[in-house]
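Structure first, commentary second.
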4 protein chains.
Amino acid sequence: MSGVNKVIVMGHLGQDVEVRFTPAGKAVANISIATSEKFKDKEGNTQERTEWHRIVLFGRTAEVAGEFLRKGSMAYVEGRLQTRKWTDKEGQDRYTTEIIGDRLQLVGGKSDSQGSGAPASHKAPAENTPPPAEDFDDDIPF
Amino acid sequence: MSGVNKVIVMGHLGQDVEVRFTPAGKAVANISIATSEKFKDKEGNTQERTEWHRIVLFGRTAEVAGEFLRKGSMAYVEGRLQTRKWTDKEGQDRYTTEIIGDRLQLVGGKSDSQGSGAPASHKAPAENTPPPAEDFDDDIPF
Amino acid sequence: MSGVNKVIVMGHLGQDVEVRFTPAGKAVANISIATSEKFKDKEGNTQERTEWHRIVLFGRTAEVAGEFLRKGSMAYVEGRLQTRKWTDKEGQDRYTTEIIGDRLQLVGGKSDSQGSGAPASHKAPAENTPPPAEDFDDDIPF
Amino acid sequence: MSGVNKVIVMGHLGQDVEVRFTPAGKAVANISIATSEKFKDKEGNTQERTEWHRIVLFGRTAEVAGEFLRKGSMAYVEGRLQTRKWTDKEGQDRYTTEIIGDRLQLVGGKSDSQGSGAPASHKAPAENTPPPAEDFDDDIPF
DNA sequence: TTTT
DNA sequence: TTTT
């Protein structure tokens, strides 16, 4: 590993968690987290911009997400940036930047109540590495 | 501001810094920083993946970058993620994720020697906000 | 500013917030946040260690803390480390390490319900600097 | 693990690295890193305050530090805060706050040249846990 | 001193 | 697509 590539994101999930499994049985979860910031537009009016963060979790961390998070839940995620290349239907190269999360911390937002209720936290083992994209048969990149 | 949207990146620049100015005279710099990580492929062989981070700096921070950084320089950048929508030549929506840097710290790598040599550091004022995209006439998004 | 000195802490407050004011009328808040980690002791049993973080907030951020946080509230704090020297009653030098917080984010923990209920977030202006310790008349350093 | 306890520090070492070994043969390194910040004093003059960070590294990370770092080297460290209680010669309780580093990244400062010259980076395995204090016979806490 |  |  060379250099530093670190992301910290905390906010609410815009959708329920999608959990899939690789052929080898490893869980992979996709979550989408919103953050927002205020800024002044040209007229000096305060505006709010929402930023959507596409996050991918693997293994036990993915399972924890699938079990404890849902649309509206608040979560803290630590991870790294990764830009993935894919080909669209016209055969053109496209790029999608995602956060590969290696630490997930639930934060007790109202919307995450779900029966069990117990908050949860999970940290991926250091050797955790995303499976190659080929493990999935998706045509649709996201 | 709601939630947390934080990125920390440190690595070497893949190209010289591009500095432009808005019509209002505000500097905007684009830099590209590489980080790399090792991972095991399917055969168990250690591979290295390089990640390129597209970073945008504004104001005084952009000027410091333009003055002290060049291809090969090492830099530490703190900022936030922002995904920008643009339209390609076929009229299709495209998205590019960038790091809006609000803190730049030069780290004394060999390649940044440049006469002056003085290390530098700069932190954007808290109220620093990127200018609207319309300030630029570029057809080319990056 | 040279180098990087950054702390991120999220957890529950062990006590209510203490807010004081400098002679110049600037608010200063002290909060205490717990984090915990699991580890294995010599016998291989899982133990939990709680870490208490002493945090100091200034100005508007301190006021937000005083208004919205209390014992049991959950908060996210970003700041920097600062070790303060003081003299105990025996005349000996003592040192206390604190986190000078410049960003406070409330996270909707159960215990912070308080009537108003509205979550809050505040970021100190970049030029925010702690007042010199002499602004306080305390004999007791913490 | 509950909550977030994260520190990022980058700066120059004030002294050579001290490496010791536990009875079980595990390396433990102590390093001291300086960061500085500018602030305005009461008279409005710009002053610089240096902050010294006491960092403890374990295992392979400690060995890397011992091999590649020395007084004047620049390093990036990621870790967590830990306050340690000890008893001084008068039998009084004393506390020292340290950064338990789990990621060390050398940054190519001039002063770290040392023959080999190769830059280095090391991340502790996730399960890395500091040995109990009793592993050391020191009377002197730091 | 918090929380699960 | 979230949340306030």
Side-chain angles (χ1 to χ4, degrees), chain A residues 9-18 30-38 46-55 64-65 67-77 104-114 116-122 142, chain B residues 1-5 83 85 95, chain C residues 9-18 30-38 46-55 64-65 67-77 104-114 116-123 142, chain D residues 1-5 81 83 85 95:
Chain A
V9 160
M10 183 168 67
H12 292 90
L13 275 74
Q15 298 173 269
D16 284 346
V17 182
E18 295 167 32
N30 289 271
I31 65 177
S32 186
I33 283 184
T35 58
S36 66
E37 65 169 319
K38 291 197 175 63
T46 298
Q47 303 276 3
E48 184 165 324
R49 176 177 13 226
T50 295
E51 192 64 35
W52 286 100
H53 305 276
R54 188 181 296 284
I55 295 159
V64 168
E67 188 171 356
F68 292 103
L69 293 177
R70 52 173 56 188
K71 182 175 175 171
S73 298
M74 195 177 186
Y76 168 99
V77 174
L104 171 68
Q105 172 86 34
L106 279 65
V107 295
K110 289 149 197 159
S111 315
D112 72 281
S113 48
Q114 184 188 12
S116 118
S121 160
H122 193 261
F142 59 88
Chain B
M1 192 167 358
S2 163
V4 173
N5 174 1
T83 297
K85 185 182 179 175
Y95 299 86
Chain C
V9 160
M10 183 169 67
H12 292 91
L13 276 74
Q15 298 173 270
D16 285 344
V17 182
E18 295 167 32
N30 288 273
I31 65 177
S32 186
I33 283 184
T35 58
S36 67
E37 67 169 319
K38 291 198 174 61
T46 298
Q47 303 276 3
E48 185 166 324
R49 173 176 15 222
T50 294
E51 193 63 37
W52 286 99
H53 305 275
R54 187 179 298 282
I55 294 158
V64 168
E67 188 171 357
F68 292 102
L69 293 176
R70 53 173 55 187
K71 181 173 175 173
S73 298
M74 195 176 186
Y76 168 99
V77 174
L104 171 68
Q105 172 85 35
L106 278 66
V107 296
K110 291 152 196 158
S111 316
D112 73 280
S113 48
Q114 184 187 11
S116 119
S121 160
H122 193 262
K123 185 168 190 308
F142 59 88
Chain D
M1 195 167 355
S2 164
V4 173
N5 173 1
L81 288 170
T83 297
K85 185 180 179 176
Y95 298 85

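Here the structure is a predicted model, which is why all the values come from computation and not from measurement. Proteins come first, then strands; the chains are lettered A, B, ... in the order of their sequence lines, and each starts at number 1. Reckoned from all heavy atoms, side chains included, excluding hydrogens, waters and symmetry mates.
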Atom pair distance, as rounded to whole Å: [atom1] in [X] and [atom2] in [N]:
X        : N      : atom1 : atom2 : value
Tyr76(C) : dT3(E) : OH    : C1'   : 19 Å
Arg54(C) : dT1(E) : CZ    : C1'   : 11 Å
Asp16(A) : dT1(F) : CG    : C1'   : 11 Å
Asn5(D)  : dT2(E) : CG    : P     : 18 Å
Arg49(A) : dT3(F) : CZ    : P     : 21 Å
His53(C) : dT1(E) : NE2   : P     : 17 Å
Ile31(A) : dT3(F) : CD1   : P     : 15 Å
Glu48(A) : dT3(F) : CD    : P     : 13 Å

key: CH2 on Trp52(C) to CG on Leu13(C), rounded to 0.5 Å   = 8.0 Å
message = Measuring from atom CG of Asn5(B) to atom CE of Met10(A), what distance do you get when rounded to the nearest 0.5 angstrom?
response = 11.5 Å
task = Would you please say whether a donor-acceptor pair under 3.5 Å links the side chains of Glu51(A) and Thr35(A)?
result =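 Looking only at side-chain atoms, Thr35(A) and Glu51(A) do not form any donor-acceptor pair under 3.5 Å.
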inquiry  = Just by distance, no angles: are the side chains of Glu48(A) and Ser36(A) close enough, under 3.5 Å, to form a donor-acceptor pair?
reply    = yes
ask   = Ring stacking, Trp52(C) with base of dT2(E), under 5.5 Å and under 30°?
value =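 It does not: the two rings, one from Trp52(C) and one from dT2(E), miss the stacking criterion.
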Heavy-atom donor-acceptor pair, Ser73(A) side-chain to dT2(F) base, under 3.5 Å = no
ask   = What nucleotide, of dT3(F), dT3(E), dT1(E), holds the atom closest to the side chain of His12(C)?
value = dT3(E)
inquiry  = Side chain of Ser32(A), heavy atoms from C-beta onward: which of dT1(F), dT3(E), dT1(E) has the nearest atom to it?
reply    =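 Side chain of Ser32(A) sits closest to dT1(F).
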inquiry  = Under 4.0 Å, heavy atoms only, any strand: does Thr35(C) hit a base, just the sugar-phosphate, or nothing?
reply    = nothing
